[in-house]
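The structure appears right after this line, and notes come after that.
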Amino acid sequence: MSKRRSGDRVNDGEATQSKRTKTTGHWSMGLLQTVDDPQFFTKADELVNVIKDKYPKAKFHYLIMPKAKIASLKSVTSEHVSLLKHMEEVALGIISSDEHKQSTFKLGYHAEPSMARLHLHVISDDMNSECLKTKKHWNSFTTDFFITSEDIRHNLDENGRVVLPSRDVCKRYMETPLRCHKCDVKPKNMPELKKHILTH
DNA sequence: GTTCTAGAAC
DNA sequence: GTTCTAGAAC
């Protein structure tokens, strides 16, 4: 019996993956497809689509995406000031609904997003989700890797573009030791962290 | 972004 | 022996 290495694929994993990649493009284009999936599509107006994150990292986790082909914060300029304000207002509308009355939310962008098309995260601050599994998941919402919508808009106001942390700084954010986002508890691993946050 | 799993950590 | 993390995926 030969041993498997981490790169090897088993069963139909590779075939399934390449078939999917051929028909829907690279994984980083996934959000554009999710918009058309009724299971995740939430609402839209003239300027934006709203979807549920396919792998929510909290009880509630939405993404506000412009319809315009804006790849990321890197391509945002002063002409987008009102669009970013609008995205934030749409987010505020969503979180003000009765369904979300019991939760508090964070509105913000990842400093280094993985997925194409600018998207504003609208996430409840419980961080209680089966899909939240890794340190990277945790730190991407609980360190300065997560930049609030307000901070982004002020950044844009002041600079005429969005000045983002360097790759190295982002890397440091992701390597930040695990820490509860609501108290100073420092769990030693993810399972402990996930147990701890249930106490809040 | 997720999945998978080798090797580290316990 | 089991749990957990980290890196490859062409």
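For A:Lys57 and A:Phe141, the positive end is not near the middle of the six-membered ring at less than 6.0 Å and at most 45° from its axis.
Within a 6.0 Å sphere centred on NZ of A:Lys171, heavy atoms belonging to other residues, nucleotides or ligands number 12 at most.
Within the structure, every pair that satisfies the salt bridge (Lys or Arg N to Asp or Glu O under 4.0 Å) test and touches residues 121-146 of chain A, not counting sequence neighbours, is listed here: A:Asp125-A:Lys182.
Residues passing the salt bridge (charged side-chain N to carboxylate O under 4.0 Å, His left out) test with A:Arg153 are A:Glu88, sequence neighbours excluded. With sequence neighbours left out, the salt bridge (charged side-chain N to carboxylate O under 4.0 Å, His left out) criterion links A:Lys188 to A:Glu192.
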Could you walk me through whether A:Lys101 and A:Asp98 pass salt bridge (charged side-chain N to carboxylate O under 4.0 Å, His left out), step by step? CA-CA 5 Å; A:Lys101 203 183 300 182; A:Asp98 277 355; 3.5 Å; yes

Going through the distances and angles, do A:Tyr62 and A:His100 end up as a ring-ring contact (aromatic ring centres under 6.0 Å, His included)? CA-CA 12 Å; A:Tyr62 301 94; A:His100 303 124; 5.3 Å; yes

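Of all the residues in residues 50-61 of chain A, A:Tyr55, A:Lys57 reach under 4.0 Å from DNA chain B with at least one non-hydrogen atom.
Tested against A:Met65, the residues A:Ile70, A:Val48, A:Val35 include a single side chain to side chain contact (heavy atoms under 4.5 Å, CB included) partner, A:Val35. Among the candidates A:His200, A:Lys194, A:His181, the single residue satisfying the side chain to side chain contact (heavy atoms under 4.5 Å, CB included) test with A:Met127 is A:His181.
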What does the list of N/O pairs under 3.5 Å between the protein and nucleotides 1-5 of chain C look like, with a distance for each?
residue: C:dT5; atom: OP1; partner: A:Met190; partner atom: N; Å: 2.9

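Annotated stems with DNA chain C as a participant read B:2-10 with C:1-9, given as range with range, by first number; only runs of 3 or more Watson-Crick or G-U pairs under 3.5 Å qualify.
Note on ring orientation: taking the six-membered ring where Trp is involved, the planes of A:Phe146 and A:His121 are tilted (angle from 30° to 60°).
Among the heavy atoms of the strands, none lies under 4.0 Å from A:His119.
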